[in-house]
Trainee: 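Structure in structure tokens, see below.
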Amino acid sequence: MRPLCIFILCLYSFVSYGQTELIDSLQNILNNQPDDSTKASVLGDLCWHLKYSDPPKALEYGHESISIAKNNGYQALHAYASNNVGVVFWAKSDYDSAAYYLDKTRELYTSLNNERGVAVTSVNLGLILQNKGDYDASLEYQLEALRIINSLEDQGMKGSILTNIGNVHFLNEKFDKAKTYYFEALAFKKSLPEDQFRQNIQKTLLNIGNVYDRLANQDSAIYYFQEALPYALDANDTKSQALIYTDLGHAFSEMGDVNLANSYFEKAMAIYSTGSYENDYDYSILLYSLAQNELKRKNIPVAIKFAQQSIEIAQKLENLNRLKDGYGLLAEVYEANNQFGDALKAHKFQKIYADSLLNIETNKEIAELETKYETERKDQQIVLLDQENSIQQAKNERNNTVIVALTLVLLLILLVFYLWRKQANISQEKVLSEQKTRLREAQIQAVISSEEKERKRFASDLHDSMGQLVSALTMNIQGLKGTSNDPLVRNEIVDNSTVLLNDIQREIRNIAFNLMPQVLTNEGLIPALQELIARINKSNQVIAKVQVFGIEERLNEVFEISLYRILQEWISNILKYAEASEVLIQFTAHEEEVIITVEDNGNGFDLSTFENSKGNGWRNINTRLNLIKGSLDIDTTVGRKNTMLTITIDKYLAFKRTEAEMNT
């Protein structure tokens, strides 16, 4: 029987570029001795990103994250770390340990009312049961996850769950159902934007190829395998690459091109040999396919070796289907080599495991019959109870009129209450609408005031500095008329004019930088802040620094300009009022958000006074923050040194390119 290469859903779907740089950034954060919450989060991230490349280190980080989260009562972080540890054990084919940690994760997410977390855990528990051969239980978990995801706004996981359901039907050899779910998953993934949850599309394409392979339609199977390969290579998905090479090898072997098949098997074997991907179940399938191909190539000793290795792994996994198929192939190889005694032994083992599978199915059928019997017996009891109830019902009919009357009264009361409540909601919505209108008007007024302030400052700069310099230059030029032909005098006037022109040029650059720094437009937010800090440091009154962790590319234009103006406004307040000597600006990229902090060692202040001030500074900050859907927190106290501003923005929105940027 043709072995199946089934794909496993990953919990989070982020593009895997820059893996080494990301891990280095996370380890740098740990080296800076962060607080317990940040440390637990970073350790959990490291556990996830090292699950394939360094499982022992991943488990070390994961257990430490769990310990910190438990000791501090961080239930969400505890669930996150426990989930990641479970996935590492799954990748190592230690299914019992994986199930233990994922059951714990499910309990934590349930207590937190985190439906998406419950769905993710259900998916992974279903995958464990799938690899253990319990397909009915696996299907229940996957369908539960699909019901939850369909009820949520965030349906990014839907494509992968549909694929998993198709996998279970495939394993049950219900290929039409499997194909239906696979194509539904493919259509859903292709309907998403290019940068959302599409890196797993290669898995769905590969599964479609597997269906056609089992239906003996090798041409279609090879078409979908080859379509999946570029996606897997682009995403650096070594797991998918190994499975695609295995399936391409099998397909070409079935078509009789055993040498081309062998070249694909060698590519798959190279991935397992280097440790780029480790999974006993998938590796046993590759060994099985290699044994089949070597049998066709008449290379009997090598075929025996691969078949025996496949059986050894299947014994470790306790997978009856793999054992049955493995011994069946081994018997076929022995028989081809005229080793009839060994072939007979292998056939006996094949029969044993086939009978075991049959007994399991028989037990299921018996259980179903027992359930039907119990149901029928209960139905008979219900009939007897109905007869008794009919007698009692005659006695209760006298009270029905009273009950109906009371019910009508209650319904009337509920109707009145509903109408009153509805009117109250309408009034409340009207008040909220008026408040939103006033807020928008205030924001617009703040923008207008800010622009007017900028115009006044620009006019003042032009008048006070540029006006004086131009007047002086004009006088110098006029002075050339009244001078003699003495070259020394004329040269002195020219030199003075050159100095004035240089001063004018410098003033123009300063004014242009204050209006819109060219470095912000050309190079981005970080270089612009570094230039602003460099200008501040030239005063020798404040030492300012900018540190960046995990950000390798530019933010989109709206976020860069808004964050620059917010930080420029805040730094201006620090320089004016805080009497600080040190300022530190930090950018830290996490899984789903970017956090910007500004910390100074100046004087604290009354936050309520700042928030209720009549100036435009606070309104400008809030207006720009609302524009990028960010949140802000200020940690300060009167009489205490050190003030910290923390800005949190959505990572996906921050790096999403606007239509204008994509057209440039």
Side-chain angles (χ1 to χ4, degrees), residues 6-14 16 19-20 22-24 26-27 30 39-70 74-109 117-132 138 141 145 157 160 164 199-200 203 235-243 271-272 274-284 313 316-319 590-591:
I6 292 295
F7 294 97
I8 308 302
L9 172 68
C10 294
L11 295 185
Y12 299 99
S13 299
F14 294 108
S16 58
Q19 181 80 347
T20 302
L22 176 59
I23 291 173
D24 290 342
L26 292 171
Q27 289 174 335
L30 288 182
K39 185 175 182 181
S41 177
V42 171
L43 287 168
D45 291 344
L46 285 167
C47 174
W48 176 258
H49 290 294
L50 293 171
K51 61 182 179 295
Y52 292 134
S53 59
D54 192 352
K57 197 66 177 177
L59 289 175
E60 178 184 334
Y61 285 133
H63 287 306
E64 186 177 356
S65 178
I66 289 174
S67 177
I68 294 173
K70 287 178 66 176
Y74 303 145
Q75 282 191 294
L77 288 175
H78 185 185
Y80 175 60
S82 181
N83 175 80
N84 292 353
V85 169
V87 173
V88 175
F89 277 119
W90 160 79
K92 289 165 57 66
S93 300
D94 186 348
Y95 299 133
D96 291 337
S97 297
Y100 170 80
Y101 282 98
L102 290 172
D103 282 333
K104 183 63 177 176
T105 303
R106 185 181 172 88
E107 292 176 7
L108 289 166
Y109 278 135
V118 173
V120 168
T121 313
S122 296
V123 166
N124 288 317
L125 285 168
L127 293 171
I128 290 172
L129 290 165
Q130 173 185 300
N131 279 10
K132 294 181 72 174
S138 174
Y141 274 116
M157 291 171 51
S160 296
N164 292 340
Q199 72 276 23
N200 287 330
K203 300 182 178 182
N236 195 26
D237 183 357
T238 54
K239 171 184 172 62
S240 294
Q241 292 171 32
L243 297 176
I271 293 175
Y272 290 105
T274 58
S276 300
Y277 170 60
E278 297 178 4
N279 185 278
D280 289 340
Y281 183 84
D282 295 335
Y283 186 47
S284 71
I313 296 175
K316 174 184 173 183
L317 296 174
E318 299 179 355
N319 189 303
H590 295 282
E591 290 282 349

Trainee: Give a yes or no on this: more than 12 heavy atoms of other residues, nucleotides or ligands lie within 6.0 Å of atom CD of Q27.
Mentor: yes

Trainee: F89 versus D96: any side-chain heavy-atom pair under 4.5 Å?
Mentor: no

Trainee: Name the orientation class of the two ring planes belonging to Y277 and Y52 (parallel below 30°, tilted from 30 to 60°, perpendicular beyond 60°).
Mentor: perpendicular

Trainee: As a test of understanding, state which of L50, L46, V88 forms a side chain to side chain contact (heavy atoms under 4.5 Å, CB included) with K57.
Mentor: L50

Trainee: Without swapping roles, check the side chain of S93 against the backbone of D280 for a donor-acceptor pair under 3.5 Å.
Mentor: yes

Trainee: Evaluate the criterion side-chain contact (heavy atoms from CB on, under 4.5 Å) for residue pair I66 and Y101; output intermediate values, then yes/no.
Mentor: CA-CA 11 Å; I66 289 174; Y101 282 98; 4.1 Å; yes

Trainee: Mind running side-chain contact (heavy atoms from CB on, under 4.5 Å) on Y272 and D282 for me, showing each step along the way?
Mentor: CA-CA 10 Å; Y272 290 105; D282 295 335; 3.2 Å; yes

Trainee: Quick one: CD on E591 to OH on Y80, what's the gap to the nearest 0.5 Å?
Mentor: 4.5 Å

Trainee: Indicate yes or no for a side-chain donor-acceptor contact from S65 to the backbone of A81 under 3.5 Å, with no hydrogens or angles considered.
Mentor: no

Trainee: To the nearest 0.5 Å, what is the distance between NZ (K70) and CG (L108)?
Mentor: 9.5 Å

Trainee: Could you check K203 against N164 for side-chain contact (heavy atoms from CB on, under 4.5 Å), going step by step and ending with a plain yes or no?
Mentor: CA-CA 10 Å; K203 300 182 178 182; N164 292 340; over 6 Å; no

Trainee: Taking the side chain as every heavy atom from C-beta outward, state whether L127 and N131 have any atom pair closer than 4.5 Å.
Mentor: no

Trainee: How far does CD of E107 sit from NE2 of H78, to the nearest 0.5 angstrom?
Mentor: 10.0 Å

Trainee: Which heavy-atom pair separates W90 from I128 by the least distance, and what is that distance?
Mentor: CD1-CG1, 4.2 Å

Trainee: Quick one: pull up CG in L43 and CD in E60 and give me the separation to the nearest 0.5 Å.
Mentor: 9.0 Å

Trainee: Can you tell me if Y281 and N319 form a side-chain donor-acceptor pair at under 3.5 Å?
Mentor: no

Trainee: Measure from the side-chain N and O atoms of K51 to the backbone N and O of W48, and report whether any donor-acceptor pair falls under 3.5 Å.
Mentor: yes

Trainee: Which heavy atom of T105 sits nearest to which heavy atom of A79, and what is that distance?
Mentor: CG2-O, 3.5 Å

Trainee: Using only atom types and a distance under 3.5 Å, with no angle test, would you say the side chain of S67 pairs donor to acceptor with the backbone of H63?
Mentor: no

Trainee: With a 3.5 Å distance limit and no angle check, can you tell me whether S122 reaches the backbone of Y141 through a side-chain donor-acceptor pair?
Mentor: no

Trainee: If every non-hydrogen atom of I313 is compared with every non-hydrogen atom of S284, which pair is closest and at what distance?
Mentor: CG2-CB, 3.8 Å

Trainee: If I take atom CG from residue L59 and atom CG from residue N84, how far apart are they, to the nearest 0.5 angstrom?
Mentor: 10.5 Å

Trainee: To the nearest 0.5 Å, what is the distance between CG on N236 and OG on S276?
Mentor: 8.5 Å

